[in-house]
Amino acid sequence: MSHGHGGGDAMVMGGEECSSHMLWNWKTIGACFFAESWQIKNQGMMAATCIGVFLLAIMLEFVRRVGKEYDHLILRQFQQHVESQAALARSQDDCCSEGPQMGNQTVMFRATPVQQAIRSFIHAVAFGIAYILMLIAMAFNGYVIIVIIIGAGFGKFVCDWMTQKIAVGGATSSATKSLESSEEATMCCG
């Protein structure tokens with residue numbers, strides 16, 4: 001490995017030079033991404049790299065959406081279960097008794113171990129994809145970084161089209177509160 005000028009390292013692989021830059025660059029031929037075996041040898045390989053990275057960024061947004069949808073699914077299932085239990089309790093109450101009427105109650109939901117394992121798996125997949133994208137971006141190649149940004153934006157547009165029920169009138173609903181807490185701030189990788 002020789003240390004050249006311009007912040008790049010050059011590694012010779014099979015007679016061809018694999019360059020890794022630690023500064024912003026627009027290099028295509030000879031650039032390496034993620035591993036020494038991922039060396040760009042022609043313009044077609046660079047185009048395939050850009051397309052693959054674009055699709056990987058979209059896949060990240062898709063997996064994030066799957067995680068959100070799974071969370072909504074298990075919450076809906078729990079809410080239906082609680083509502084059916086409450087309806088059963090109301091139907092079994094004696095209608096003529098003078099006992100206190102049940103008002104609004106808050107019920108705590110905790111995912112089952114299987115549900116939490118599935119949630120953790122989805123998160124791990126998203127985290128792994130985000131980490132791979134971050135490592136690819138560390139080649140500081142302008143083309144690839146732009147493709148990652150465009151892919152993430154396109155993935156958000158296609159995979160995470162926001163729909164939300166909003167109660168009109170009255171106090172702030174739980175749907176509005178869940179909207180405020182459902183968006184994660186992703187400062188880095190996942």
Are Arg65 and Glu61 ion-paired here, with the side-chain N under 4.0 Å from a carboxylate O? no
Taking atom [atom1] of [X] and atom [atom2] of [Y], what is their separation to the nearest 0.5 Å?
X      : Y     : atom1 : atom2 : value
Leu133 : Leu56 : CG    : CG    : 4.0 Å
Leu55  : Phe62 : CG    : CZ    : 13.0 Å
Gln43  : Thr49 : CD    : OG1   : 11.0 Å

Testing the basics here: between [X] and [Y], what is the closest heavy-atom pair and its distance to 0.1 Å?
X      : Y      : result
Ala111 : Gln116 : CB-OE1, 3.8 Å
Ala139 : Cys32  : CB-O, 3.9 Å
Leu23  : Phe140 : O-CB, 3.4 Å
Ala57  : Ala152 : CB-N, 3.6 Å

Going through the checks in order, is the side-chain contact (heavy atoms from CB on, under 4.5 Å) test met by Phe109 and Ile74? CA-CA 10 Å; Phe109 170 72; Ile74 61 177; 4.2 Å; yes
Do [X] and [Y] have side-chain heavy atoms sitting under 4.5 Å apart?
X      : Y      : result
Ile150 : Ile146 : yes
Ile148 : Met134 : no
Met162 : Lys156 : no
Arg64  : Asp160 : no
Phe33  : Ile40  : yes

Criterion side-chain contact (heavy atoms from CB on, under 4.5 Å) on Gln115 and Leu73, from CA distance to verdict: CA-CA 10 Å; Gln115 291 170 333; Leu73 171 71; over 6 Å; no
Is the number of heavy atoms from other residues, nucleotides or ligands under 6.0 Å of [X] [atom1] greater than 12?
X      : atom1 : value
Phe157 : CZ    : no
Met45  : CE    : yes
Trp161 : CH2   : no

Regarding Gln79 and Arg76, do their side chains bring together a donor and an acceptor under 3.5 Å, going by distance alone? no
Assign the ring pair Tyr143 / Trp26 to parallel, tilted or perpendicular, where the plane angle (0 to 90°) is split at 30° and 60°. perpendicular
Which class fits the ring pair Phe78 and His81: parallel under 30°, tilted 30 to 60°, perpendicular over 60°? tilted
Would you sort out whether Phe34 and Met138 count as a side-chain contact (heavy atoms from CB on, under 4.5 Å), showing the intermediate values? CA-CA 8 Å; Phe34 195 63; Met138 286 181 65; over 6 Å; no
Please determine whether residues Ile29 and Val144 belong to a single hydrophobic cluster, defined as Ile, Leu, Val, Met, Phe, Trp and Tyr linked transitively by side-chain heavy-atom distances below 4.5 Å. no
Verify side-chain contact (heavy atoms from CB on, under 4.5 Å) between Phe121 and Ile118, making sure each step is shown before the conclusion. CA-CA 5 Å; Phe121 176 76; Ile118 293 169; 5.7 Å; no
